[in-house]
Amino acid sequence: MTVKIFDTPQVQDFLNTVAGFDQAGGSERAKRIVHRLLADLYRLIDDFDVTPEEFWATIGLMNELGKGSQFGLLAPGLGFDHYLDMRMDAEDEARGLAGGTPRTIEGPLYVAGAPVAEGITRMDDGSDSDSEVMWLTGQVRDTDGRPVAGARVEIWHANAKGGYSHFDPSQSEYNLRRTIITDAEGRYRARSIIPSGYGVPEGSPTDRVLKALGRHGQRPAHIHYFISAPGHKHLTTQINLAGDPYTWDDFAFATREELLVEGRPIDDAAEAEARGLEGPFTEVVFDIELSRTEAPELQSRHKRPRALEQAAD
């Protein structure tokens with residue numbers, strides 16, 4: 001039997017009490033947000049006739065997500081990360097900061113404290129000798145085309161199996177993670193390996209949520225970036241390597257056409273030697289444009305939980 005009670009005075013009074021409206025302490029903003037959230041959920045229970053069994057199964061799933069630290073993995077899969085980016089894009093446009101390399105989602109796999117190098121570095125630890133060598137390079141410029149010397153270019157990506165160091169115990173510390181300070185011409189260079197895409201763990205809570213929606217949990221091969229420089233807007237972005245079958249079917253909704261990069265295979269001994277390499281490699285070029293701003297709050301990445309960030313600070 002279906003009943004609807006949400007609009008009754010008893011339920012509305014109860015919502016006000018649960019949200020703490022009848023209490024003097026606490027945060028008024030928190031009260032309003034919780035009231036709105038609970039009201040939407042209470043109405044959903046009414047509208048879809050959610051059963052106690054369905055409700056407690058959902059609570060159990062949420063407990064599993066928390067136990068496995070998977071809320072940060074599910075959030076982009078449900079579009080929250082991309083939606084926040086859409087809002088920040090709109091805020092930039094309203095401030096007159098449109099232009100420059102577009103942002104896209106950070107993801108949950110950044111680790112603070114990666115080794116810092118001047119101009120050039122090697123990101124991989126050399127243990128994956130069967131992987132394709134990548135020469136990753138580019139120039140940081142402002143929107144007028146002027147090089148930005150001394151910019152911090154933080155880069156992290158997966159290995160050839162889709163695993164990230166720190167979260168994958170088989171990898172060495174800070175493998176495939178580096179911070180590069182751009183040279184006088186705003187350039188950065190890194191030797192690394194071509195990363196693989198990855199999927200959410202099979203049978204995990206995140207996987208079960210996505211499958212309930214008829215969706216997969218696969219990401220294309222990509223490379224993450226934080227770029228910052230005094231007087232410029234901080235940029236969080238990532239590039240996709242062209243040709244991946246999931247480029248336009250990314251469960252995390254991170255793909256942007258402007259961030260799709262074609263690797264250039266090079267099998268020339270002289271070019272390899274000029275880069276200190278021993279054989280064939282793929283060159284990946286990603287040039288970055290930063291918007292100028294004097295607002296201090298726009299020159300740093302936003303605060304959120306990140307691995308080892310408190311220790312690094």
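Just the heavy atoms: all of them, side chains too, but no hydrogens, waters or symmetry mates, feed the values below. Model, not experiment: these values are computed from the prediction.
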Inset, instruction - Not counting sequence neighbours, list each pair that qualifies as a side-chain hydrogen bond (donor to acceptor under 3.5 Å, both in side chains) and has a residue in residues 219-228. - result: Tyr164-His222, Tyr164-His224, Tyr188-Tyr225, Arg219-His222, Arg219-Gln238, Arg219-Asp250, His222-His224
Ion pair check, [X] and [Y], cut-off under 4.0 Å:
| X | Y | answer |
| --- | --- | --- |
| Glu64 | Arg208 | yes |
| Lys211 | Glu202 | yes |
| Glu309 | Lys303 | no |
| Lys161 | Asp168 | no |
| Arg178 | Glu154 | no |

Taking all non-hydrogen atoms of both residues, which atom of [X] and which atom of [Y] are closest, and how far apart?
| X | Y | answer |
| --- | --- | --- |
| Glu54 | Asp49 | OE1-O, 4.1 Å |
| Ala151 | Val140 | CB-CG1, 4.2 Å |
| Ala190 | Ile180 | CB-CD1, 3.9 Å |
| Ser27 | Ala30 | OG-N, 3.1 Å |
| Ser172 | Asp125 | OG-OD2, 2.6 Å |
| Pro195 | Ala158 | CB-O, 3.2 Å |

If you group Ile, Leu, Val, Met, Phe, Trp and Tyr by side-chain heavy-atom gaps below 4.5 Å, do [X] and [Y] land in one group?
| X | Y | result |
| --- | --- | --- |
| Leu308 | Leu109 | yes |
| Leu136 | Val261 | yes |
| Leu260 | Leu241 | no |
| Leu73 | Phe80 | no |
| Phe14 | Leu38 | yes |

Check for a donor-acceptor pair, side chain of [X] on one end and backbone N or O of [Y] on the other, with a separation under 3.5 Å.
| X | Y | value |
| --- | --- | --- |
| Thr293 | Ala295 | yes |
| Arg256 | Arg103 | yes |
| Thr17 | Asp13 | yes |
| Thr104 | Ala254 | yes |
| Arg306 | Val111 | no |
| Lys31 | Ala19 | no |
| Thr237 | Pro102 | yes |

Any side-chain heavy-atom pair from [X] and [Y] closer than 4.5 angstrom?
| X | Y | value |
| --- | --- | --- |
| Gln171 | Leu176 | yes |
| Asp22 | Asn16 | no |
| Gln218 | Tyr198 | no |
| Val133 | Thr282 | no |
| Thr179 | Val153 | no |
| Glu118 | Asp183 | no |
| Arg29 | Ile33 | yes |

Inset, instruction - Take Thr137 and Arg187 through the side chain to side chain contact (heavy atoms under 4.5 Å, CB included) test and state the conclusion after the steps. - result: CA-CA 7 Å; Thr137 186; Arg187 298 190 181 279; 5.6 Å; no
Inset, instruction - Kindly write out the residues that satisfy salt bridge (charged side-chain N to carboxylate O under 4.0 Å, His left out) with Asp244, not counting sequence neighbours, or none if the list is empty. - result: none
Inset, instruction - Under the ring pair (Phe, Tyr, Trp, His ring centres under 6.0 Å) rule, collect the residues that match up with Phe21, sequence neighbours excluded. - result: His35
Legend entry - Residues in ring pair (Phe, Tyr, Trp, His ring centres under 6.0 Å) contact with His302, at least two apart in sequence or another chain: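 For His302, no residue satisfies ring pair (Phe, Tyr, Trp, His ring centres under 6.0 Å) once neighbours in sequence are set aside.
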Inset, instruction - Please test Thr236 against Glu106 for side chain to side chain donor-acceptor pair (under 3.5 Å), starting from the C-alpha separation and ending with a verdict. - result: CA-CA 6 Å; Thr236 298; Glu106 174 183 334; 5.0 Å; no
Inset, instruction - Would you please test Ile266 and Arg264 for side chain to side chain contact (heavy atoms under 4.5 Å, CB included) and show each step? - result: CA-CA 6 Å; Ile266 297 176; Arg264 182 170 72 100; 3.2 Å; yes
Legend entry - Check against side chain to side chain contact (heavy atoms under 4.5 Å, CB included), Leu290 and Thr143: CA-CA 6 Å; Leu290 297 181; Thr143 51; over 6 Å; no
Inset, instruction - Output every pair passing ring-ring contact (aromatic ring centres under 6.0 Å, His included) with a member in residues 226-258, not counting sequence neighbours, ordered by first then second residue. - result: Tyr110-Phe226, Trp156-Phe226, His216-Tyr246, Phe226-His234
Legend entry - Residues Glu289, Thr101; criterion side chain to side chain donor-acceptor pair (under 3.5 Å); working and verdict: CA-CA 5 Å; Glu289 285 191 355; Thr101 300; 5.7 Å; no
Legend entry - Chi angles and distances behind the side chain to side chain donor-acceptor pair (under 3.5 Å) call for Ser192, Asp124: CA-CA 5 Å; Ser192 193; Asp124 68 295; 4.8 Å; no
Distance-only check: which donor-acceptor pairs under 3.5 Å involve side-chain atoms of residues 4-11, not counting sequence neighbours?
unit_1: Lys4; atom_1: NZ; unit_2: Asp46; atom_2: O; d: 3.3
unit_1: Lys4; atom_1: NZ; unit_2: Asp47; atom_2: OD1; d: 3.3
unit_1: Thr8; atom_1: OG1; unit_2: Ile5; atom_2: O; d: 2.7
unit_1: Thr8; atom_1: OG1; unit_2: Val11; atom_2: N; d: 3.4

Inset, instruction - Give a yes or no on this: more than 12 heavy atoms of other residues, nucleotides or ligands lie within 6.0 Å of atom CZ of Arg36. - result: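 No, the 6.0 Å shell around CZ holds no more than 12 heavy atoms from other groups.
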Inset, instruction - Dump the intermediate steps for side chain to side chain donor-acceptor pair (under 3.5 Å) on Thr255 and Asn240, then the final yes or no. - result: CA-CA 7 Å; Thr255 303; Asn240 290 124; 3.2 Å; yes
Inset, instruction - Go through the steps for Phe281 and Asp267 under the test side chain to side chain contact (heavy atoms under 4.5 Å, CB included), then give the verdict. - result: CA-CA 7 Å; Phe281 64 97; Asp267 189 10; over 6 Å; no
